[in-house]
Protein chains: 2
Amino acid sequence: MKDPKSDIRQDIHNSDVPEICRSCEARHKGVCGALNPAQLAALAKQTTRREITEGTELIAADEPVASYSNIMSGVVKLSKLLADGRQQIVGLQFAPDFLGRPLKADSRIAAEAATTVRLCSFPKTTLERMMKEAPGLEHKLLEQALNELDEARDWMVTLGRKSAREKIASFLYLIAVHIDPEVDDLTDGGCSFDLPLTRADIADFLGLTIETVSRQLTKLRQQNIITIANNRHITVPDINLLRECCEG
Amino acid sequence: MKDPKSDIRQDIHNSDVPEICRSCEARHKGVCGALNPAQLAALAKQTTRREITEGTELIAADEPVASYSNIMSGVVKLSKLLADGRQQIVGLQFAPDFLGRPLKADSRIAAEAATTVRLCSFPKTTLERMMKEAPGLEHKLLEQALNELDEARDWMVTLGRKSAREKIASFLYLIAVHIDPEVDDLTDGGCSFDLPLTRADIADFLGLTIETVSRQLTKLRQQNIITIANNRHITVPDINLLRECCEG
DNA sequence: CGCCTTATTGAACCCCATCAATATCTGTGG
DNA sequence: CCACAGATATTGATGGGGTTCAATAAGGCG
């Protein structure tokens, strides 16, 4: 069932991996993990790496886009807009996530750099050609899509059924888990991180107003569940206390 | 790059399609569309078809499940539960959707028959084996996952940013589009359908209470945007009026 | 018809939004 | 280093949309 030629290719020595790919996270946990050195080299020829400043629009809703990207560092926010200006952030993406809507010209979702972001971009057509040659690529995309679907559905519970306090706690916990690789659902102890979003963005992510976000953060601070420095830097002395706030 | 053997298989005459698959929607729009007649026949040997009554639990959250299914008719609701009993419905599935969480043992989501449901089920292991033989299967799964992701994100806007009235209108519109195949985003005129959910389910889908759902339905009725018969049957004289209610 | 479930309607309350004022941060230039 | 200005965040007062609690009505099925 397997093409023997590709087996040979995959045995090519690691030194054939393009230099820029060697230390890239996307090659291990990201979509590029599905490519062999020769395919990586072919893709690398077409890639452009960019550092993008906070606030830059990466993908406009409704506009067809000609390239996909891997996020190498930073945080990207995905958002949707209603006609009257109300906004909802529908997802956050971190390294080494794949950015773009496969199998469709327009995503109907806007993507914006929430922090400084480094991207590794390549033409849509190149990736689509490779999807036919390397079925593992499609598998990686399926994995990410299903993970994002799980996350989106988790967040629907937060949006639909949680109080403002629980929403804020859930948000802080989400960021803690994604920013600090040491933290996961079982961790004890404390952690600290910078918020990748402004209060306005947090409000748009949680379906709240800026004022409510601010008030609830203040309350969590007064109850010693978090400390805040310079508005953006959060310290969580005991992650379990925060976790308890996520569901009442 | 292509395995010539599979090309031959795909040219096998249509009469080799298993009888039970011939009139099945999943073979056209669903995942089975990726299988050739021989593969369909192999899968058909392992499938069981069941008719399931409203209210039956199909998948329990956290419990590993040994089979996947195609929905042949009816509506399945996917829901999540908080520890204190608060519930959020995170998705609705219609024929010919694929039911189950690929690539993972437990889905952390409960699935329940919202109406009478007919399923075509097959062992997980069988499908996983076929995914390796027929890359098109994975492609179909990716398509559905991305569609569900789009839908989930659309709904996040509804949950996070819309008023109760807009939520109810959005829900009615969603059902109209999915139940009546004639209706889509561009349709004019009217339509009518049965609600597949109770008021309690609608509330859990929209992040509201039963009472609010009821009050908003009453208001829409008083404004002649809908009529209601027997609590469940909705008639929409002008779908455009309803559409306008979805965003204010 | 009678019972039970499901849905509607009413009244009071509360959480969060809104509007408004003040405070803090950040970066720039004197 | 400080002063200033604009953006960002906090805090306060008030009001409204949706929840909660409670009672009534309507549907569904024996």
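Fair warning: this is a prediction, and the values are worked out from it, not measured in the lab. Letters A, B, ... mirror the listed sequences (proteins, then strands); counts begin at 1.
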Classify the ring geometry of B:Phe122 against B:Phe98: parallel below 30°, tilted from 30° to 60°, perpendicular beyond 60°. tilted
Applying a 4.0 Å non-hydrogen cut-off, can you work out what A:Thr198 is touching in the nucleic acid: base, sugar-phosphate, or nothing? sugar-phosphate
Just checking, any donor-acceptor pair under 3.5 angstrom between side chains of B:Ser214 and B:Arg199? no
Atom CD of B:Gln216 and atom C1' of D:dG17 are separated, to the nearest Å, by 9 Å
The single option from A:Ile175, A:Leu195, A:Leu242 that satisfies side-chain contact (heavy atoms from CB on, under 4.5 Å) with A:Ile234 is A:Leu195
Would you say A:Ser214 reaches D:dT10's phosphate, i.e. side-chain N/O to OP1/OP2 under 4.0 Å? yes
Pair A:Arg50, A:Ser121: side-chain N/O donor-acceptor within cut-off below 3.5 Å: yes
D:dT19, D:dG12, D:dT10: which one has an atom nearest the side-chain heavy atoms of A:Arg215? D:dG12
Select base, sugar-phosphate, or nothing to describe what A:Leu217 touches, counting heavy atoms under 4.0 Å on all strands. nothing
In whole angstrom, give the distance that lies between atom NZ of B:Lys167 and atom C1' of D:dG17. 11 Å
On DNA chain D, does the nearest nucleotide to A:Arg161 precede the nearest nucleotide to A:Thr212 from the 5' side, or the other way round? Give the residue. A:Thr212
What is the distance, rounded to the nearest whole Å, between atom CG of B:Asn231 and atom P of D:dA26? 11 Å
Nucleotide D:dG18, atom C1' - distance to CD of B:Glu211 in whole Å: 10 Å
How long is the line joining NZ of B:Lys162 and C1' of D:dG17, in whole Å? 17 Å
Candidates B:Ile210, B:Thr209, B:Leu217 - the one meeting side-chain contact (heavy atoms from CB on, under 4.5 Å) with B:Val213: B:Leu217
B:Ala176 and B:Val183 have their tightest heavy-atom pair at O-CB, 3.9 Å
Would you indicate, yes or no, if D:dT19 has its OP1 or OP2 atom less than 4.0 angstrom from a side-chain nitrogen or oxygen of B:Thr209? yes
Which whole-number value in Å describes the distance from A:Ile210 CD1 to D:dA9 P? 8 Å
Rounded to the nearest Å, what distance is computed from the NE2 atom of residue B:His233 to the C1' atom of nucleotide D:dA26? 18 Å
Its 5'-most and 3'-most nucleotides having an atom under 4.0 Å from a non-hydrogen atom of chain B, DNA chain C is contacted over C:dA7 to C:dA11
Are B:Gln216 and B:Arg221 close enough that a side-chain donor and a side-chain acceptor fall under 3.5 Å? no
To the nearest Å, give me how far apart CZ (B:Arg232) and C1' (D:dA26) are. 14 Å
